[in-house]
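Remember, predicted model here, so these are calculated numbers, not experimental data. The chains referred to below are lettered A, B, ... by the order of the sequence lines, with proteins before strands, and numbering in each begins at 1.
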Amino acid sequence: MNADVPRGRWEIFVETFFRQDLIDEYSGAILQGMVVTIEIAILVVLCGLALGLVLAMIRAYRVWAINVVITVFVDVLRALPPLVLILLVYFGLPLVGLNFSSFVVLWLVLTLVLAAFAEEIFWAGILSVHKGQWEAARSTGLGFSETLAYIIIPQAVRMTVAPLTNRTIAITKNTALGTVIGVSEILNQATTAQSFSGSATPLMMGAIAYIVLFIPIVALGRWIETRFAWRRA
Amino acid sequence: MDAIIQNFFNIPIMTEAFPFLMRGLGTTALLCLAVIPLGLIGGLVVALMMGTKNRVYKWALICVVDFFRAVPPLVLLIFIYSGLPFAGINIPPFAAVCLGFMLNNSAYYAEIYRAGIESIGAGQMEAARSTGLNNTQSMIYVILPQATRNVLPDLLSNTIEVVKLTSIASVVAMQELLYSADMARSLTYNSSPIVLAAGIYLIILWPVVRLLSRLEHRVGH
Amino acid sequence: MPEEVPVLQVDGISKSFDGVEVVSNVSLKIYSGETISILGPSGSGKSTLLRCINWLEKPDRGDVYLAGKRVGRKEDDQLMSDHELASVRTQMGMVFQSFNLWPHFTVLQNVIEAPVHVLGVSKDDAVVRGEHLLEKVGLEAKRDAYPYSLSGGQKQRVAIARALAMSPTVMLFDEPTSALDPELVGSVLQVMHDLRDSGMTMVVVSHEMRFAREAADRIVFMSDGIILEEGTPEEIFKAPKHRRTQEFVAEISR
């Protein structure tokens with residue numbers, strides 16, 4: 001570039017964050033990162049929500065010993081920063097002979113964290129189903145499990161949609177933490193490219209990749225919230 | 001089994017690392033003290049602004065809020081911390097971290113307040129206005145107290161998140177609790193400091209999580 | 001009624017909440033085809049008594065027998081398992097004050113849910129029977145509607161159909177019309193009358209005097225957890241013996 005021409009603020013900005021040649025060079029890497037991010041996110045959401053629902057349903061049987069275990073499990077996972085958990089699992093598993101890849105470690109930790117939050121949300125949902133629903137079901141002869149499965153859970157789930165979407169989005173964003181243990185998701189690709197190229201352009205590319213991925217999800221979340229804020233017979 | 005205790009629950013190493021972690025905890029506390037109030041206030045301001053009748057303005061605000069809810073805090077942090085200097089914008093590290101957290105946080109708090117305010121029926125506002133209170137007064141004396149009480153569990157929940165979020169600052173070498181623990185880990189080749197840090201987080205946050213749980217279940221959330 | 005075995009027998013039921021005895025040593029015999037009205041002021045324990053009959057509340061003392069078989073406890077005095085209790089409850093239909101229809105199911109689905117899952121009836125058979133029952137309560141047109149779109153009276157009639165779908169031996173009504181607007185009460189009472197005429201054994205806890213006067217075979221008056229008086233509607237309404245009963249009858253006749 002011409003060092004003689006005085007460079008305005010805008011030029012500097014573009015030069016720093018939007019250098020065309022770097023954009024070309026690193027698009028592939030960023031896209032790969034996006035794929036990894038998406039993969040983990042989907043796996044975490046599916047497994048985490050399923051596990052959370054199962055735990056909440058188990059809790060409904062009110063077996064004291066089991067409930068204590070579940071409560072402790074959930075509390076610890078809600079109280080610890082995900083990054084701490086990631087590091088603990090990452091350094092800990094090899095010691096018990098399990099050699100999982102960073103990808104698996106990240107997936108495992110985020111799934112457990114989402115499950116913990118989801119369990120609390122589902123449980124609150126189950127509790128909030130009017131007692132009369134249980135009574136009506138039980139008095140027609142439906143057993144406990146049947147009542148739980150066919151009558152209570154469907155109603156509980158409806159009430160949990162809003163808090164769940166929020167929480168799920170927050171936790172999937174934690175996929176960015178994978179960079180700390182070397183998972184090749186977006187941030188990792190971006191910071192690596194940044195060190196190699198000595199430019200902030202890859203960082204901007206990474207940021208934009210996240211925005212492209214998550215803004216639709218956040219918007220979807222908003223839409224889901226308004227749709228499910230409706231009728232309760 | 002032994003290897004686990006050696007590597008994770010090594011008391012001598014924990015004792016050695018303790019003072020170091022305590023200093024890190026101090027930094028964590030400072031971060032929290034800066035970010036939480038700023039986030040609460042910022043979020044409230046944005047939520048109030050979102051009450052505007054102007055559709056376009058409201059939409060713009062929603063976009064901004066969603067933007068900061070969509071970008072992972074770590075990305076924001078790294079961007080502000082290592083990206084901006086490239087553009088010649090040099091913010092001192094602590095301020096950079098605070099800024100990143102605050103932007104992310106205010107967005108979440110704003111959403112919580114907004115939901116709370118919207119959940120207060122229009123009837124309340126009408127009643128307030130009809131006793132002669134103007135808009136601002138109605139907000140302050142009638143709407144906000146009720147709204148805040150309604151969303152208290154969510155506010156608490158988000159505040160817990162902020163405290164946990166400070167651990168991310170370790171990635172940009174801010175010497176808070178986790179950074180100190182990780183540093184100790186690499187120096188001692190032993191993971192016990194991290195377990196110690198986890199223990200400290202638990203001691204501080206577990207009671208709050210329990211409290212939050214109680215609140216959530218009582219309100220029939 | 002001579003030496004017939006009562007369809008429902010309540011023996012010395014007592015129930016306390018928070019240290020307050022709400023039902024005290026109540027005994028009652030109900031025979032097949034009878035309609036019993038349990039009346040009394042608020043807090044007299046009538047709803048609690050009813051809920052003890054199908055063990056929605058666990059009695060502190062006493063026993064309930066349905067067609068000679070003990071409810072809630074087995075031969076050896078052990079508590080019945082959840083499964084066994086559910087099985088007994090198929091024989092006792094219950095209608096609640098707040099209807100408790102399942103909001104995520106249509107009217108027809110509400111009616112067929114239990115028969116399909118509990119009795120193992122095939123879905124087609126359950127639907128046929130369900131439609132028949134809905135017709136009997138006058139709501140066949142609403143079979144695919146959701147509860148939120150129905151009026152209170154309609155919801156209660158669906159609730160009655162739902163309880164009837166299990167072909168119970170006895171129907172229990174807990175304040176069936178208390179939550180309804182006055183003009184909707186009639187439609188529900190009509191269904192209850194029809195049910196009575198068809199020979200169903202019914203136990204009705206209600207404030208609704210019309211039904212007690214017109215349809216009950218026997219009235220049981222409760223106050224402060226005990227049965228003060230029992231008798232035919234004539235006896236109770238025209239010539240109550242206890243002062244309390246007299247006060248009550250005078251009050252509600254105004």
Side-chain angles (χ1 to χ4, degrees), chain A residues 9 12-13 15-17 71 74-76 78-85 87-88 91-92 95-96 120-121 123-125 127-128 159 162-163 166 169-170 172-177 179-180 186-187 190-191 194 198-201 203-204 206-207 210-211 213-219 221-222 225, chain B residues 1 3-4 6-8 62-63 65-67 69-76 78-79 82-88 108 111 115 154 157 160-161 163-168 170-171 177-178 181-182 185 191 194-195 197-198 201-210 212-213 216-217 219-221:
Chain A
R9 275 271 170 79
I12 298 183
F13 185 73
E15 176 69 21
T16 313
F17 294 116
T71 309
V74 164
D75 276 0
V76 169
R78 293 207 313 164
L80 286 179
L83 193 47
V84 172
L85 284 164
L87 289 178
L88 279 176
F91 291 119
L95 284 180
V96 292
E120 280 298 293
I121 294 173
W123 181 240
L127 284 180
S128 67
M159 291 185 231
N166 261 321
I169 294 175
T172 46
K173 288 195 300 169
N174 279 327
T175 49
L177 298 178
T179 188
V180 173
I186 299 176
L187 187 56
T191 45
Q194 179 206 2
S199 162
T201 299
L203 268 190
M204 176 56 91
Y210 274 113
I211 297 172
L213 271 186
F214 278 101
I215 288 219
I217 297 181
V218 169
R222 234 182 230 285
E225 267 184 60
Chain B
M1 193 65 211
I4 295 186
Q6 254 288 43
N7 227 283
F8 275 77
I62 292 183
C63 284
V65 166
D66 279 356
F67 175 85
R69 281 172 64 203
V71 176
L74 184 54
V75 175
L76 197 53
I78 290 187
F79 194 83
S82 5
L84 287 186
F86 279 89
Y108 277 101
E111 262 308 286
D154 286 324
S157 165
I160 295 177
E161 290 307 301
V163 176
K164 295 195 291 176
L165 201 62
T166 55
S167 63
I168 290 182
S170 61
V171 179
L177 181 54
L178 185 57
D182 200 37
R185 178 195 61 80
S191 299
I194 303 195
V195 175
Y201 276 113
L202 276 180
I203 293 176
I204 300 176
L205 289 178
W206 197 338
V208 190
V209 169
R210 275 280 91 224
L212 179 61
S213 223
E216 278 170 343
H217 296 164
V219 175
H221 229 53

Quiz prompt | Contact class of Thr175(A) relative to chain B, heavy atoms under 4.5 angstrom | solution = neither

Self-check item: Nearest-0.5 Å distance that lies between atom CG in Leu80(A) and atom CG in Leu205(B)
Solution: 8.0 Å

Quiz item: Are side-chain N/O atoms of Ser82(B) and Gln194(A) paired as donor and acceptor at under 3.5 Å?
Solution: no

Self-check item: Centroid-centroid under 6.0 Å between Phe17(A) and Phe79(B) rings
Solution: yes

Exercise. Please state whether the side chain, the backbone, both or neither of Leu88(A) comes within less than 4.5 Å of a heavy atom of chain B.
Key: both

Self-check item: Minimum side-chain heavy-atom gap Phe214(A)-Phe67(B) below 4.5 Å
Solution: no

Practice problem: Could you check Arg222(A) against Glu111(B) for salt bridge (Lys or Arg N to Asp or Glu O under 4.0 Å), going step by step and ending with a plain yes or no? | Solution: CA-CA 10 Å; Arg222(A) 234 182 230 285; Glu111(B) 262 308 286; 2.9 Å; yes

Quiz item: Glu120(A) versus Leu212(B): any side-chain heavy-atom pair under 4.5 Å?
Solution: no

Self-check item: Engaged part of Ala190(A) at the chain B interface, taking heavy atoms whose separation is under 4.5 Å
Solution: neither

Quiz prompt | Reference residue Leu83(A); test side-chain contact (heavy atoms from CB on, under 4.5 Å); the match among Val171(B), Leu74(B), Thr166(B), Leu165(B) | solution = Val171(B)

Quiz item: In terms of heavy-atom proximity below 4.5 Å to chain B, should Leu127(A) be classed as side chain, backbone, both, or neither?
Solution: side chain

Quiz prompt | Among the listed options Val76(A), Val180(A), Ile169(A), the residue most often paired with chain B at heavy-atom distances under 4.5 Å | solution = Val76(A)

Exercise. Could I get the full list of ring pair (Phe, Tyr, Trp, His ring centres under 6.0 Å) partners for Phe91(A), not counting sequence neighbours?
Key: none

